Amino acid sequence: MFELERHKPERGIVVIFGASGDLTRRKLAPALYNLARQNLLPDGTVVVGYGRTEMTDEVFRNRLGESVSTFSRTQPIESDIWNALARRMFYQRGSYDGGDAYPALHRRLLELDERFGTGGNRIFYLAVPPGVVPAILRNLSSVGSLERRRRCDEGTCYLRVVFEKPFGHDLESARRLSNEIDRLLEEPQIFRMDHYLGKETVQNISVLRFANSIFEHVWHSASVRYVRVTVAETLGVEGRGGYFDSTGILRDILQNHVLQLLTLVTMEPPASLSADAIRDEKAKVLRCLRPLEGEEVVRSVARGQYGRGVVDGVEVPAYREEEGVDPNSATETFVGLRTYIDNWRWAGVPVYLCAGKRLAQALTEVSIEFKEAPRVLFGAMEGVELKPNRLTLRIQPDEGVSLRFASKVPGLKMELRDVEMDFPYGSAFPAASPEAYERLLLDVMGGNSALFARRDEVELAWQFATSILEGWQKRPPPEFPNYAPGTWGPVSAERFFAEGASYADAGDR
Ligand SMILES: NC(=O)c1ccc[n+]([C@@H]2O[C@H](COP(=O)([O-])OP(=O)(O)OC[C@H]3O[C@@H](n4cnc5c(N)ncnc54)[C@H](OP(=O)(O)O)[C@@H]3O)[C@@H](O)[C@H]2O)c1
C-alpha cells in the first residue's frame with residue numbers, strides 16, 4: 001500500500017545480534033533467502049551474525065541453511081540461490097557487554113565493506129532478549145559504530161537499527177529506553193518491529209478503506225455500532241513460560257499488535273502515504289483512546305488465566321503447570337476490554353479489544369458491526385430476527401474479508417437468514433503472500449518506516465496499557481484459573497462482549 005512512497009533497498013551489511021537464536025532461525029534467515037529468491041535482496045548484501053555461541057562462518061552458514069530448509073515458506077530450497085547468499089554470511093563471536101569483541105566486530109565490518117563494496121551501510125538487527133539491548137547500543141556507540149550521521153569516503157551511507165518487541169515493559173521503561181536510543185540515533189534510523197504491520201492482510205486494511213469509495217461513507221459513529229479487534233490463540237505458552245510469566249498477554253499482545261490494528265482501522269485518512277503522515281494519524285487515535293483507570297478497570301476490563309482442560313481430546317496443563325511458570329502465578333493469559341475513541345468520528349462507539357491464549361479458535365480479526373436496520377418492514381415481521389450487518393477483516397489464519405447481511409431464503413414463505421459475502425485472500429490471489437519479515441526487512445533496507453511504530457505511538461500505547469496494569473496492581477487478582485482451555489475466556493468477559501455479540505459468533509460460551 002505504501003509502494004508510491006517506498007525507497008529502493010540498498011546493499012549494506014546486516015548485523016544480527018543474537019544470531020544463534022530462535023528469531024534468526026525461524027524468521028530472519030528464511031526471509032533473507034526468500035528475498036534473494038525473488039531477486040529483491042540488493043545485490044551484494046552481506047550478513048554478519050553476532051553472539052556468544054562459539055561458531056565458525058562455516059557452521060553458521062550450515063545452521064542457517066538447515067533453518068531455511070525447515071522454515072522457508074517456499075520449498076524446495078534452490079541451492080544455487082542459497083549458496084550465493086551463504087557465501088556472503090559471516091559470524092563474529094563475542095559477548096554483549098564489552099571487552100575486545102566490539103572493536104573486533106567494527107574492524108571486521110570495515111574489512112567486509114572493502115571486500116564487498118557495502119559502502120559503510122549498516123543495519124544492526126537486535127534479535128536478542130530486551131535486557132541485552134542497552135549494553136549492545138552502548139558498546140556499538142563506544143567503538144564508533146553508531147555515529148548519527150556516519151561519514152563515509154563515498155559520501156553518505158546509512159545506519160539503521162532494528163528493535164524487536166517488547167519495546168519496554170511499561171510506560172516508564174519504554175521512555176527510558178527511548179531516551180537512551182535518542183541520545184545515539186535519529187528517529188528515521190530507528191525501526192521498532194511489530195511484525196503484524198508486515199502482514200499482507202494488515203496492509204490491506206488501508207487499501208480497503210482508502211482505495212474504495214463505499215466504506216468510508218459508513219466508517220463512523222453514525223453507522224457503526226462497535227469496533228472489535230481480536231487476537232485469539234489456541235496454543236498455550238509453548239515453552240516460553242519463563243518469558244510470558246513476567247509479561248502477560250496485555251503487554252505481549254494487546255499493547256502492540258491489538259492497538260496497532262485498531263489504529264489502522266480507525267485512523268483518519270493520512271495526508272499522504274509517507275511514513276510520518278500515516279504515523280501521525282495512528283498516533284492521533286491513541287491520543288484519543290479513553291484511558292481505563294481506577295474503577296473503570298474493574299468495570300471495563302476482564303482478565304483471565306486458563307486452567308487445566310481437554311482440547312480436541314488432548315489433556316492440556318493449566319497455565320500454572322506450564323514449565324517456567326510460577327505455580328501461584330497471577331499473570332493473565334486473557335484480557336478483554338471495552339473502551340472508546342473520544343474523537344469526532346468515533347464518539348460513543350464501543351471499542352472491544354481482546355487477546356488470549358488457549359481460546360476456542362485461533363484467529364486474528366477486526367470486526368466492524370453496523371447499526372441495525374430500522375425495525376419496520378422486514379424487521380417488524382413476526383419471527384424475524386435481523387442481525388446487524390458486520391464487516392470482518394480476517395488477518396489470520398483464514399485471510400480475507402467478509403460482510404454479513406440478511407437475505408431471503410428461497411421459497412414461497414418470506415423467511416430471512418444471514419449470509420456472508422466473502423473475499424478469501426488465498427483463492428482470489430493464488431500467488432503465496434510473502435512473510436511479514438520479508439516485507440519488513442526490505443523496508444529497513446530501503447529506509448521505509450511506514451510499517452514500523454514511531455516513539456510517540458509506542459509510548460501512547462504503553463500509557464493506555466500501563467494504567468490498566470496499575471489498576472490491576474491495586475486489587476487482588478481474580479480467582480485464577482478462571483477459564484477452561486478451548487473456550488472464549490472467563491465468564492467475566494461476557495459482561496461487555498455480550499453487548500457486542502460473542503467474538504466469532506461461535507456460540508462456545
Ligand atoms: N522468536 C520469535 O519468533 C520472535 C517473534 C517476535 C519477537 N521476538 C523478539 O526477538 C528477540 C529475539 O528473540 P529470540 O526468540 O531469537 O530470542 P532467543 O532465542 O531467546 O535469544 C536470541 C539469542 O540472544 C542471545 N542472548 C543474549 N542474552 C541472552 C539471555 N539472557 N538469554 C537468552 N539468550 C540470550 C543468545 O545467543 P548467544 O548465547 O549466542 O549470545 C540467543 O541465542 C526477542 O526480543 C523476542 O522477544 C521473537
Side-chain angles (χ1 to χ4, degrees), residues 14-32 47-57 59-60 63-64 66-68 70-73 90-99 101-102 104-105 123-140 161-169 173-174 177 181 190-199 202 231 233 235 237-249 251-258 260 323-324 355 357 364 396 435-441 444 451-453 458:
V14 182
V15 184
I16 304 174
F17 286 88
S20 57
D22 184 64
L23 184 72
T24 308
R25 203 164 67 87
R26 289 198 305 117
K27 298 292 179 190
L28 302 182
L32 286 164
V47 177
V48 174
Y50 184 98
R52 297 166 304 184
T53 304
E54 192 78 63
M55 269 192 275
T56 61
D57 291 342
V59 171
F60 180 57
R63 268 172 78 140
L64 293 198
E66 281 163 27
S67 306
V68 169
T70 312
F71 296 108
S72 167
R73 68 179 171 85
F90 304 90
Y91 184 78
Q92 182 77 20
R93 190 189 164 272
S95 76
Y96 298 102
D97 47 11
Y102 287 85
L105 174 67
I123 293 170
F124 293 113
Y125 198 120
L126 308 184
V128 286
V132 190
V133 166
I136 295 177
L137 292 178
R138 273 196 300 276
N139 284 299
L140 281 176
V161 183
V162 185
F163 296 86
E164 268 292 344
K165 75 160 207 183
F167 197 85
H169 193 67
S173 57
L177 179 58
I181 294 168
I190 303 167
F191 291 76
R192 298 175 193 84
M193 188 63 90
D194 184 327
H195 69 275
Y196 266 54
L197 297 181
K199 289 181 186 290
V202 173
V231 176
E233 298 169 60
L235 298 174
V237 290
E238 303 303 299
R240 291 170 70 231
Y243 162 76
F244 190 85
D245 207 34
S246 60
T247 307
I249 201 94
R251 290 182 169 102
D252 197 39
I253 303 287
L254 194 129
Q255 182 273 340
N256 38 65
H257 305 322
V258 172
Q260 283 291 328
E323 201 187 321
K357 291 188 177 292
T364 298
Q396 64 182 26
E435 277 273 332
Y437 276 90
E438 293 170 40
R439 167 79 275 152
L440 296 172
L441 270 175
V444 179
L451 300 181
F452 297 83
V458 171

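Keep in mind that this is a model prediction, so the values were computed, not measured. Start at 1 and go down the list; that is how both ligands and their atoms are numbered. Numbering starts at 1 and runs along the sequence shown.
Residue-ligand proximity, S20 to ligand 1, at heavy-atom distances under 4.0 Å covers atoms 36 (C), 37 (O), 38 (P), 40 (O), 42 (C), 43 (O). Close contacts between ligand 1 and G21 involve ligand atoms 16 (O), 19 (O), 22 (C), 43 (O) [criterion: under 4.0 Å to a heavy atom]. Residue contact check: G51 has heavy atoms under 4.0 Å from atoms 40 (O), 41 (O) of ligand 1.
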Going through the checks in order, is the side chain to side chain contact (heavy atoms under 4.5 Å, CB included) test met by L23 and Y437?
-> CA-CA 10 Å; L23 184 72; Y437 276 90; 3.5 Å; yes

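Close N/O approach between D22 and ligand 1 is found [any backbone or side-chain N/O within under 3.5 Å]. Backbone and side-chain nitrogen or oxygen atoms of T53 are examined, and one is located within less than 3.5 angstrom of a nitrogen or oxygen of ligand 1. Any N or O atom pair closer than 3.5 Å counts here, and Y437 shares no such pair with ligand 1.
The protein heavy atom nearest to atom 31 (N) of ligand 1 is P129 CG, 4.5 Å. Closest to atom 28 (N) of ligand 1 among all protein heavy atoms lies V132 CG2, 3.3 Å. Among all non-hydrogen protein atoms, the one lying nearest atom 41 (O) of ligand 1 is Y96 OH, 2.6 Å. Scanning the protein for heavy atoms near atom 22 (C) of ligand 1, the closest one is A127 O, 3.4 Å.
Contact annotation: P166 has at least one heavy atom less than 4.0 Å from an atom of ligand 1.
Without hydrogens or angle criteria, R439 side chain to G198 main chain gives no donor-acceptor distance under 3.5 Å. A donor-acceptor contact shorter than 3.5 Å is absent between the side chain of R52 and the backbone of G94. Without hydrogens or angle criteria, N139 side chain to A135 main chain gives a donor-acceptor distance under 3.5 Å. A donor-acceptor pair under 3.5 Å is formed between the side chain of Y91 and the backbone N or O of G51.
Between R25, R26, R52, it is R52 that holds the heavy atom closest to atom 36 (C) of ligand 1. Looking at L23, I136, D194 and measuring to atom 13 (O) of ligand 1, the nearest heavy atom belongs to L23. Nearest-heavy-atom check against atom 47 (O) of ligand 1 across M55, K165, K27, R240 picks out K165.
With a 4.0 Å cut-off on non-hydrogen atoms, F17 does not touch ligand 1 at all. Contacts of V128 with ligand 1, taken as heavy-atom pairs under 4.0 Å, involve both backbone and side chain. Heavy atoms of E164 found under 4.0 angstrom from ligand 1 belong exclusively to the side chain.
Less than 4.0 angstrom separates atom 17 (O) of ligand 1 from none of the non-hydrogen atoms of the protein.
With rounding to the nearest 0.5 Å, the separation of NE2 in H195 from CZ in F452 is 12.5 Å. The structure places OG1 of T70 at 11.5 Å from CZ of R26, a figure rounded to the nearest 0.5 Å. From Y125, atom OH reaches atom OG1 of T24 across 8.5 Å, with rounding to the nearest 0.5 Å. L441 contributes atom CG, which lies 7.5 Å from atom CD1 of I123 (distance to the nearest 0.5 angstrom).
Using bins of under 30°, 30° to 60° and over 60° for the plane-to-plane angle, the ring pair F17/Y96 lands in the tilted bin.
Side-chain atoms of Y196 and N256 form no donor-acceptor pair, as typed in the model, at a separation below 3.5 Å.
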